[in-house]
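Everything below concerns the one structure shown next.
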Amino acid sequence: MTETDTLKQTPLHDLHVALGARMMPFAGWDMPVQYPMGVLNEHLHTRDQAGLFDVSHMGQILLRAPSGQAADAAAVLETLVPANLVDLPKGRQRYGLFTNERGGIEDDLMIANRGDHLYLVVNAGCADSDLALLRRLDGVEVEHVTDRALLALQGPQAARVLSALIPAVANMTFMDVATLNWDGAEVWVSRSGYTGEDGFEISLPADRAREFADALLADPAVAPIGLGARDSLRLEAGMPLYGNDIGADVTPGQAALGWSIPKIRRSGGAREGGFPGADVILPELAQGADTTRLGLRPQGRAPIRQGVTIFDAEAGGTAIGHVTSGGFAPSVGAPVAMASLPAALSPGDIVYAELRGKRIPVEIAPLPFVQPHYKR
């Protein structure tokens with residue numbers, strides 16, 4: 001038995017193969033990395049028109065309280081996630097983090113209030129550990145949703161294309177969530193995504209996924225997009241990727257994700273602390289982390305990729321950090337990167353990346369590299 005034989009397949013696996021995708025293992029799934037269009041053109045197509053992503057490998061989880069109130073489930077989830085979930089309005093979603101006792105990030109996730117329960121979307125590689133964590137909670141029922149596909153439609157044409165199939169999505173704004181109908185199927189839609197473009201994520205019954213994807217792809221503005229372009233799009237958007245930019249040994253302050261922890265959960269707030277690692281995370285947020293995630297613009301055309309060491313001098317000097325994500329940014333037309341570096345550095349400062357024994361100058365740059373185009 002080969003590794004491929006043991007990989008899980010999404011409901012759109014046959015479609016990916018039929019479209020000529022190059023498949024690769026990712027987090028235990030057989031996923032498309034690119035289509036014949038190629039990563040660069042897939043990237044640019046998404047920025048210019050609309051890209052269709054299969055994200056069915058990500059974990060979909062429902063969290064219910066016995067009261068039937070999402071706020072009660074949110075109060076329980078706040079013991080694991082340092083976000084303001086109790087006050088999350090019905091029909092809205094929020095970004096959050098699972099933290100550990102060391103203050104590190106176990107996973108990042110989206111949390112939606114759907115009135116009588118919460119809907120969580122977690123990273124594929126962390127889904128099993130997230131489920132185990134949630135099932136240890138008292139006062140909530142945890143349901144792993146395994147009979148639904150999850151698609152993302154991203155790009156400036158996404159709203160026009162999707163509203164032709166589901167007209168109600170036209171009224172949604174960034175981070176809205178809604179339960180809607182498409183041709184007799186219940187679809188769970190959020191206006192969000194990880195490209196920095198306006199777009200949607202759509203959960204629907206697995207047995208209708210191929211039909212729905214075909215309907216979207218029938219519009220000439222829509223092209224299938226693989227994991228390769230996903231990485232370059234979210235890098236340009238300055239969004240961290242779990243396993244690269246964030247992980248169990250990286251705190252929210254070090255990840256530049258302190259914004260996801262609101263005042264109400266910080267020291268002195270009405271619901272201060274009460275989550276794993278609060279004794280590490282809250283003092284660090286108050287004082288400022290020593291290191292943090294910063295943007296980099298290499299001078300020249302050579303990309304700097306994950307693991308490259310950053311120095312404070314062109315020769316000699318001290319190693320001050322490392323690249324967490326990097327590559328060529330098609331919309332920028334140049335290489336970009338994110339790195340863990342001293343927080344005291346500012347945009348415009350020059351540091352040095354060591355590539356094959358030679359150090360190249362790299363400028364600290366603001367994130368994101370491409371400004372978002374969300375409908376707010």
Side-chain angles (χ1 to χ4, degrees), residues 10-12 15-16 18-22 31-58 93 110 121 149-178 180-183 185 187-204 208-239 329-333 368-376:
T10 75
L12 295 182
L15 175 62
H16 300 316
L19 291 172
R22 182 160 68 87
M31 299 296 294
V33 63
Q34 69 175 77
Y35 296 87
M37 181 188 289
V39 172
L40 187 145
N41 287 325
E42 290 174 29
H43 178 116
L44 294 175
H45 184 93
T46 303
R47 289 265 181 256
D48 185 54
Q49 298 192 59
L52 178 63
F53 302 76
D54 182 6
V55 288
S56 303
H57 59 306
M58 300 185 77
Q93 71 173 358
M110 300 300 295
V121 177
L150 187 63
L151 309 184
L153 187 67
Q154 300 279 296
Q157 293 292 319
R160 180 192 62 76
V161 173
L162 188 60
S163 62
L165 301 180
I166 310 172
V169 303
N171 299 320
M172 298 174 68
T173 59
F174 185 58
M175 300 299 260
D176 276 352
V177 297
L180 302 171
N181 181 281
W182 169 71
D183 194 28
V187 293
W188 307 341
V189 182
S190 67
R191 195 158 193 168
S192 58
Y194 47 73
T195 61
E197 297 298 327
D198 183 23
F200 302 87
E201 294 191 347
I202 310 111
S203 171
L204 76 165
R208 302 293 303 278
R210 173 65 185 267
E211 182 185 355
F212 185 72
D214 285 341
L216 293 173
L217 290 167
D219 190 302
V222 180
I225 309 297
L227 292 174
R230 175 209 64 170
D231 276 357
S232 57
L233 287 160
R234 67 94 197 159
L235 174 60
E236 286 184 343
M239 295 185 184
S331 304
V332 178
F369 300 105
V370 172
Q371 291 300 313
H373 301 97
Y374 305 131
K375 181 187 176 183
R376 297 187 185 274

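Keep in mind that the numbers below use all heavy atoms, side chains included, and drop hydrogens, waters and symmetry copies.
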Q) What heavy-atom pair brings L52 and L216 nearest, and what distance separates the two atoms? A) CD1-CD1, 3.7 Å
Q: State which residues pass ring-ring contact (aromatic ring centres under 6.0 Å, His included) with Y35; sequence neighbours excluded, sorted by chain then number.
A: none
Q) Which heavy-atom pair separates P368 from E236 by the least distance, and what is that distance? A) CB-O, 3.6 Å
**Q.** Considering all heavy atoms, the nearest L165-A215 contact
**A.** CD1-CB, 3.9 Å
Q.
According to side chain to side chain donor-acceptor pair (under 3.5 Å), who are the partners of W182, at least two apart in sequence or on a separate chain?
A. none
**Q.** Residues forming a salt bridge (charged side-chain N to carboxylate O under 4.0 Å, His left out) with E197, sequence neighbours excluded
**A.** R47
Q: Tell me, please, which residues at least two apart from T10 pass side chain to side chain donor-acceptor pair (under 3.5 Å).
A: D54
Q) Tell me, which pairs form a salt bridge (charged side-chain N to carboxylate O under 4.0 Å, His left out) where one or both residues lie in residues 151-169, sequence neighbours left out? A) R160-D219
Q: Report the residues that fulfil side chain to side chain donor-acceptor pair (under 3.5 Å) with S203, sequence neighbours left out, ordered by chain and then residue number.
A: Q60, R148
Q. Does Q154 reach the main-chain N or O of S192 with its side chain, forming a donor-acceptor pair under 3.5 Å?
A. yes
(Q) Please enumerate all residues that pass ring-ring contact (aromatic ring centres under 6.0 Å, His included) together with Y194, with sequence neighbours excluded. (A) F53
Q. Out of R191, R376, Q157, which one pairs with D198 under the side-chain hydrogen bond (donor to acceptor under 3.5 Å, both in side chains) rule?
A. R191
Q) So how far is it from I225 CD1 to L227 CG, rounded to the nearest 0.5 Å? A) 11.5 Å
Q: Please name all residues satisfying salt bridge (charged side-chain N to carboxylate O under 4.0 Å, His left out) with E201, sequence neighbours left out, ordered by chain then number.
A: none
Q. For A221, does its backbone N or O pair with a side-chain atom of H45 as donor and acceptor, under 3.5 Å?
A. yes
Q. Distance-only, no hydrogens or angles: does the E42 side chain make a donor-acceptor pair with backbone N or O of G226 under 3.5 Å?
A. yes
Q) In chain order, what residues pass the salt bridge (charged side-chain N to carboxylate O under 4.0 Å, His left out) check against R230, with sequence neighbours excluded? A) none
**Q.** Nearest atoms (heavy-atom pairs only) where L19 meets P36
**A.** O-CD, 3.3 Å
Q: Keeping to residues at least two apart or across chains, list the side-chain hydrogen bond (donor to acceptor under 3.5 Å, both in side chains) pairs with something in residues 166-175.
A: T173-D176
Q: Using the test salt bridge (charged side-chain N to carboxylate O under 4.0 Å, His left out), find all partners of D48 that sit at least two apart in sequence or belong to another chain.
A: none
Q | Nearest non-hydrogen partners of H43 and S232, listed with the distance | A | ND1-OG, 2.7 Å
Q) What residues form a side chain to side chain donor-acceptor pair (under 3.5 Å) with N41, not counting sequence neighbours? A) none
Q.
Donor-acceptor pair, distance only, cut-off 3.5 Å: does the side chain of S56 make one with the backbone of L150?
A. yes
Q. What's the spacing between D183 CG and R208 CZ if we round to 0.5 Å?
A. 5.0 Å
Q.
Assess the residue pair M175 and M110 against the criterion (side chain to side chain contact (heavy atoms under 4.5 Å, CB included)); give the C-alpha distance rounded to whole Å, side-chain angles, the decisive distance to 0.1 Å, and a yes or no.
A. CA-CA 10 Å; M175 300 299 260; M110 300 300 295; 3.3 Å; yes
(Q) I need the minimum non-hydrogen distance between L180 and A168, along with the two atoms involved. (A) CD2-CB, 3.8 Å
Q. Taking atom CG of L44 and atom CD of Q49, what is their separation to the nearest 0.5 Å?
A. 11.0 Å
